[in-house]
Amino acid sequence: MSKPEIQTRVVHAAFVAGAVDSLQLPPPTVVEVAFAGRSNVGKSSLLNTLMQRKGLVRTSNTPGCTRQLNVFEVRCADGLNLNFVDLPGYGWAKRSKSEKSQWQGMIEGYLRRRAGLRAVAVLVDVRRGVEEEERQLVDFLRGPREASGAIEIILVATKVDKVGAAGKKPALEVVRAKAGVKPIGFSAVTGDGYEELWARIRWAVLGK
């Protein structure tokens, strides 16, 4: 399968900050979009694909590789300027209770207090679908915030290339039925969903 033509061109993408507490991050000077998902859901590959950079976000076969909030500045050819925030992967059973507690405090603090946060892309593996931890995260995102502004929730079903062309539509329908919202099917291998995800991001940060 050939990759679709890319319309959204990224002219600059770079890592700017990382921290284990949102209060340690520099003040946001532009709007932010965060990316959350279970370990090994393909979050790093998705971010590299969106930013059109190979290896900018480190990928690993070891679950739970990301242990901090990582901020990347992104600028597109049409002038769109925003930050992507890579949140630590969750759902890794081998993590200790203290590590899981630290993750929860780190993520909840960021999501509840971060000014400038406009959207959170919740990633699920299309083959596993929406599980309890994803449902809990969505419920949390729909709750009250200390910072002003509502958060747009973008559901992304990754690795759609793994189910094949014939299996893509029914697999996405299963995710939609469980989540109650339509997911964006995405593949870092084929580029499926690239423009659709960028369109949702633009709508969330620009309202158009």
Sequence neighbours excluded, which residues qualify as side chain to side chain contact (heavy atoms under 4.5 Å, CB included) partners of Gln24? Ala19, Val20, Asp21
Under the side-chain hydrogen bond (donor to acceptor under 3.5 Å, both in side chains) definition, can you give me all pairs with a residue in residues 137-159, not counting sequence neighbours? Glu152-Arg200
My understanding is that only residues two or more places apart in sequence, or in another chain, count here; which of them pass ring-ring contact (aromatic ring centres under 6.0 Å, His included) with Phe186? none
Pairs satisfying salt bridge (charged side-chain N to carboxylate O under 4.0 Å, His left out), at least one member in residues 25-35, at least two apart: Glu32-Arg114
Residue set satisfying side chain to side chain contact (heavy atoms under 4.5 Å, CB included) with Ala14, at least two apart, ordered chain then number -> His12, Glu73
Applied to residues 117-127, the side-chain hydrogen bond (donor to acceptor under 3.5 Å, both in side chains) test, sequence neighbours excluded, yields Asp125-Arg127
Among all residues two or more places apart in sequence or in another chain, which pass the side chain to side chain donor-acceptor pair (under 3.5 Å) test with Arg75? none
Contacts of Arg53 meeting side chain to side chain donor-acceptor pair (under 3.5 Å) (sequence neighbours excluded), chain-then-number -> none
Mind jotting down which residue pairs meet the ring pair (Phe, Tyr, Trp, His ring centres under 6.0 Å) criterion with at least one end in residues 25-55? Sequence neighbours excluded, please. Phe35-Phe84
Could you tell me which residues satisfy ring-ring contact (aromatic ring centres under 6.0 Å, His included) with Phe140, sequence neighbours excluded, listed by chain and number? none
Contacts of type side chain to side chain donor-acceptor pair (under 3.5 Å), residue Glu173, not counting sequence neighbours: Arg176
By side chain to side chain contact (heavy atoms under 4.5 Å, CB included) - contacts of Lys178 (at least two apart): Val130, Val174
